[in-house]
Q: 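Have a look at the structure that comes next, please.
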Amino acid sequence: MGAVQRCTDGYELTDIGTELVGQVPVFRLWLGGYASVLASQISSGADPATGVHGGIVAEASAAIGARYLDDTIGNVLESLRPEGRICDIGCGTGARLLRVCRRVNQPGIGYDLSAKAVEAARDTVDEARRIGVDIEVRQGDATALTQDHPDVDIVTQAFMTHHIAPDEYCAAVLRSYRSRFPRARYLVIFDTVPSQDSEEPEMFAPGFDYIHALQNMEPRSRGAARRMFTEAGYICREEVELAVPNSYAWVLDMRDREGAAS
Ligand SMILES: C[S@@+](CC[C@H](N)C(=O)[O-])C[C@H]1O[C@@H](n2cnc3c(N)ncnc32)[C@H](O)[C@@H]1O
């Protein structure tokens with residue numbers, strides 16, 4: 001149950017919401033009054049160049065995924081009947097990669113830019129070894145992958161494509177995957193787009209919009225994402241709406257080219 005619920009003329013606080021409102025002075029005391037003291041503590045461990053805690057992003061993202069997304073994402077990937085290795089770019093802790101590989105009985109490889117995320121993925125790799133799933137996670141930048149992977153059948157990229165900008169550059173990066181993964185059949189992109197006017201009170205979309213604005217990033221809209229896939233030469237076979245607000249799965253065909261005679 002959340003903090004608010006619908007009533008006839010809008011929303012009202014639930015019991016939990018009423019309890020939370022009573023605690024607002026405590027939140028203000030610790031998080032407001034001592035904000036700078038907290039910030040100096042928290043900033044140790046963040047990447048000095050970006051201010052981002054890669055390990056926390058990876059772990060929190062995996063937990064949100066496990067709660068809201070992974071069943072749907074597993075269904076989408078299983079429907080493609082994977083016939084080889086699955087490569088997850090920007091894999092975070094690799095938890096989803098492990099879950100998917102186990103479900104479809106295929107090996108996996110993950111890449112993530114953040115050393116802290118790759119460190120957090122060690123537990124996943126250990127768990128995979130224990131249960132007999134072939135998974136490895138490497139540190140690597142999606143925009144500069146150097147190794148070719150002819151054994152990869154499906155490439156996935158979850159909740160990070162909006163970090164690759166502007167559109168022409170992102171299109172060039174996505175196009176380069178055809179060389180890195182020469183036998184892959186599908187590139188499946190999961191991502192969030194900026195919010196439209198929301199019907200429901202919720203926390204994810206305002207946080208997504210606010211954090212990216214603080215980083216001077218402007219995540220692309222759903223239409224812009226689809227145009228960018230076309231510019232990269234991919235045909236979008238399917239679009240699936242996900243349970244996290246404003247989030248979609250796009251299944252892109254890596255074999256047929258946009259504009260090519262079939
Ligand atoms: C929001 S998290 C999502 C993690 C995971 N895909 C998930 O869905 O739970 C974004 C991840 O993308 C990684 N990332 C961002 N830019 C990247 C790049 N250029 N190459 C590889 N990984 C990148 C970040 O380090 C982070 O772990």
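Predicted model only: the values in this text are computed from it and were never measured. Whatever order the structure lists ligands and atoms in, that order sets their numbers, starting from 1.
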Q: With a 4.0 Å cut-off on heavy atoms, does I89 reach ligand 1?
A: no
Q: Can you sort out which atoms of ligand 1 are near A62, meaning under 4.0 Å from one of its heavy atoms?
A: 9 (O)
Q: Could you tell me whether some N/O pair between L113 and ligand 1 is separated by less than 3.5 angstrom?
A: yes
Q: Let me check something: any side-chain donor-acceptor pairs from residues 114-124 under 3.5 Å, sequence neighbours excluded? List them with distances.
A:
residue, atom, partner, partner atom, Å
S114, OG, K116, N, 3.2
S114, OG, A117, N, 3.0
T124, OG1, T93, O, 2.6

Q: Ignoring hydrogens and geometry beyond distance, is a side-chain donor-acceptor pair present between N246 and T192 at under 3.5 Å?
A: no
Q: Is any side-chain heavy atom of H149 closer than 4.5 Å to one of Q147?
A: yes
Q: Under 3.5 Å, which donor-acceptor pairs link side chains of residues 47-64 to any protein atom two or more places apart or in another chain?
A:
residue, atom, partner, partner atom, Å
D47, OD1, A49, N, 2.8
T50, OG1, V52, N, 3.2
H53, NE2, I42, O, 2.6

Q: Heavy atoms, side chains only, cut-off 4.5 Å: are C87 and Y111 in contact?
A: yes
Q: Of all the atoms in ligand 1, which lie at a distance below 4.0 Å from a heavy atom belonging to F159?
A: 1 (C), 8 (O), 10 (C)
Q: Between the side chains of R85 and D134, is the shortest nitrogen-to-carboxylate-oxygen separation below 4.0 Å, so that they form an ion pair?
A: yes
Q: For S61 and ligand 1, does the shortest N/O to N/O distance drop below 3.5 Å?
A: yes
Q: Anything under 30° is parallel, anything over 60° is perpendicular, the rest tilted; go ahead and classify W30 against Y34.
A: tilted
Q: With heavy atoms under 4.0 Å as the rule, classify the contact between A158 and ligand 1 as side chain, backbone, both or neither.
A: both
Q: Any atoms of ligand 1 less than 4.0 Å from a non-hydrogen atom of G140? List them with their elements.
A: 20 (N), 21 (C)
Q: Only heavy atoms of S114, strictly under 4.0 Å: list the atoms of ligand 1 that pass.
A: 25 (O)
Q: Can you sort out which atoms of ligand 1 are near D141, meaning under 4.0 Å from one of its heavy atoms?
A: 18 (C), 19 (N), 20 (N)
Q: Which atoms of ligand 1 have any heavy atom of V57 under 4.0 Å away?
A: 1 (C), 2 (S)
